[in-house]
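The structure appears below as structure tokens.
The basis for the numbers below is simple: all heavy atoms, side chains too, and nothing from hydrogens, waters or symmetry mates. Counting starts at 1 for both ligands and their atoms, following the listed order.
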Amino acid sequence: MIRKGLSMQNLNQSLRIGSSASKLSNSSFTSQAAASSLLQVCEPSAYRKREVKVGQFLTRYGGEDEYADVDWDKLGFGLMPTDCMYVTTSTNDGSFSVGQVLPFGNIQLSPSAGVLNYGQGLFEGTKAIRRENGRTVLFRPAQNAIRMQMGAERLCMLSPSVDQFVDAVKQTALSNKRWIPPPGKGSLYIRPLLIGSGPILGLAPAPEYTFIVYASPVGNYFKEGRAPLNLFVDDEYHRATRGGAGGVKTISNYAPVLKAITRAKSRGFSDVLYLDSVNKKNLEEVSSCNIFIVKGNVLSTPAINGTILPGVTRKCIIEIAQHHGYKVEERQIPVEELLDADEIFCTGTAVGVASVGSITYKNKRVEYKTDSKSVCREMYSTLIGIQTGSVEDEMGWIIEID
Ligand code: COI
């Protein structure tokens, strides 16, 4: 039977490489074994000769070099296709087959796939980091696996086990190791994607799901780099509604905010801060990240109430702040509190910890502290330090994979 969700070309490749890829997933996964097996999987000769222009980057594939041919100083947050992606499809017993690491490329879907027609799709974001000592690490990927499972439950989808998810992330990172930026230049952003790939016409869960993990080297998310953000509070468009799916990472949470972001950017703002859709009164989150406000020794962030995404970085910052002696409150935050805050910052995997320099609400602009002594800077340095190895990982968040 033809595996749905893969083109014939990829299917042929997957058949050719299937046995080594299977070995990988079945093994207890030592990084050395993985790296050597993956070389066989990811080096079809036609693929090696590829040269791709994406935006300003001309990228040459192939070779045994430690690093891909990338100008690491120019990394932003744009897709740079890498060598490999991980793919697996659900089976009739409700689990997922052994995944395969395939050359990165297009996938083929039925026009009636659940994801295309009814938005049955979830994504995650996590990162692989190259440390000064040469080791490659992942940061709390199990948290993303758990969140994907919660999302799958909400959208009536099948999802991979936590172990399979984490293993897929590891395989994706290792098979794209050349694309992990040098220390201090960025990270490999890893994008796990779960889609209803099976065909469905009437409104119902898709009969089959495909789990794909791809990756791209990234630098700063915002074009501002690490400069403070200028946010616009939008009380017309909302990100999520009560009883909806704002609390899970479904793809359908993102298209509806594009209009608000586009409008805000055209007016010179960095991004949009949304309010609750019922009373237009309480803070929710920014388009792609959670928000914290700081007043004295207290950090507050909107409580997880069904419309707020339970961010992995949000959770880390809560734990770091408590560990550093701050009081952390997860609660409703009336928009008026913005007037009185010392600092505001955003958190997310893609965004990291980003300071906010100003917020504009109803034509009133409020400015915040963003200096080197800010709480935001302390949170940022600690999180980055744990990821890069300069701060001890007391919480056990780091997984060394190579
Ligand atoms: C992430 O932070 O990983 C996200 O998923 C946000 C996305 C809009 C880039």
Side-chain angles (χ1 to χ4, degrees), residues 55 75-80 119 121-129 138-152 155 165-166 168-169 172-173 180-181 186-195 211-226 229 231 234 237 239-240 245-262 264-265 270-274 284-292 301-302 304 307-318 345-356 379-380 383-384 387 397:
L75 282 181
F77 200 90
L79 179 70
M80 188 179 293
L122 294 162
F123 74 90
E124 280 297 328
T126 185
K127 284 176 173 173
I129 294 137
L138 298 177
F139 186 73
R140 304 190 85 177
Q143 292 293 318
N144 299 89
I146 293 166
R147 189 169 62 182
M148 180 168 271
Q149 290 190 333
M150 287 162 49
L155 301 190
F165 181 105
V166 172
V169 168
T172 306
I180 307 179
S187 56
L188 186 72
Y189 182 78
I190 300 175
R191 175 54 68 82
L193 193 59
L194 181 65
I195 57 174
F211 177 56
I212 301 172
V213 187
Y214 66 92
S216 178
V218 296
N220 286 314
Y221 181 76
F222 288 105
K223 74 167 174 29
E224 287 83 347
R226 294 227 34 84
L229 306 175
L231 300 182
D234 198 320
Y237 294 118
R239 196 196 79 91
V248 298
K249 208 162 173 63
T250 169
I251 57 173
S252 57
N253 284 338
Y254 293 85
V257 298
L258 293 177
K259 185 123 182 163
I261 301 175
T262 306
K265 288 198 170 167
S270 321
D271 210 325
V272 174
L273 171 56
Y274 301 91
E284 293 262 303
E285 55 185 78
V286 178
S287 310
S288 53
C289 46
N290 297 110
I291 193 150
F292 282 79
T301 190
I304 302 298
T307 60
I308 305 294
L309 190 79
V312 176
T313 312
R314 174 188 181 279
K315 185 173 175 171
C316 295
I317 294 302
I318 290 174
F345 63 87
C346 298
T347 62
T349 299
V351 165
V353 180
S355 67
V356 175
M379 296 298 119
Y380 168 81
L383 184 70
I384 293 291
Q387 292 175 341
W397 289 343

Which is closest to atom 2 (O) of ligand 1 by heavy-atom distance: Ser287, Ala350, Gly352?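 Result: the heavy atom closest to atom 2 (O) of ligand 1 is in Ala350.
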Residue pair Tyr214, Leu79: steps toward the side chain to side chain contact (heavy atoms under 4.5 Å, CB included) verdict: CA-CA 10 Å; Tyr214 66 92; Leu79 179 70; 3.9 Å; yes
N or O pair under 3.5 Å between Tyr254 and ligand 1: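 No; every N/O pair is 3.5 Å or more apart.
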Report yes if some N/O of Thr349 lies less than 3.5 Å from some N/O of ligand 1; otherwise report no. yes
Looking at Gly125, which atoms of ligand 1 are within less than 4.0 Å of one of its heavy atoms? 3 (O)
Per-atom contacts, ligand 1 versus Phe123 - under 4.0 Å to a heavy atom: 5 (O)
What do you reckon, does Glu124 put a non-hydrogen atom under 4.0 Å from ligand 1?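 In this structure, Glu124 fails to qualify as a contact of ligand 1 - no heavy atom is under 4.0 Å.
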Run the ring-centre check on Phe345 versus Tyr380 and record whether the distance is less than 6.0 Å. no
Ring centers of Tyr254, Phe123 separated by less than 6.0 Å: yes
Can you measure from CG (Leu229) to CG (Leu273) and round to the nearest 0.5 angstrom? 11.5 Å
First locate atom CD1 of Ile261, then atom OH of Tyr237, and finally report the distance between them rounded to the nearest 0.5 Å. 12.0 Å
Give me the nearest non-hydrogen protein atom to [atom] as residue plus atom name, then the distance to 0.1 Å.
| atom | result |
| --- | --- |
| atom 1 (C) of ligand 1 | Tyr189 OH, 3.3 Å |
| atom 8 (C) of ligand 1 | Ser288 CB, 3.6 Å |
| atom 5 (O) of ligand 1 | Lys249 NZ, 2.7 Å |
| atom 7 (C) of ligand 1 | Arg191 NH2, 3.9 Å |

Between Asn253 (side chain only) and Arg239 (backbone N and O only), is there a donor and an acceptor less than 3.5 Å apart?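 Such a contact is absent between Asn253 side chain and Arg239 backbone.
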Scan side-chain atoms only and decide if Ser287 and Tyr274 contain a donor-acceptor pair under the 3.5 Å cut-off.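 Ser287 vs Tyr274: donor-acceptor pair found between side chains.
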Between the side chains of Lys249 and Glu124, is the shortest nitrogen-to-carboxylate-oxygen separation below 4.0 Å, so that they form an ion pair? no
Checking contacts here: is it the side chain or the backbone of Lys127 that comes within 4.0 Å of ligand 1, counting heavy atoms only? Could be both or neither. neither
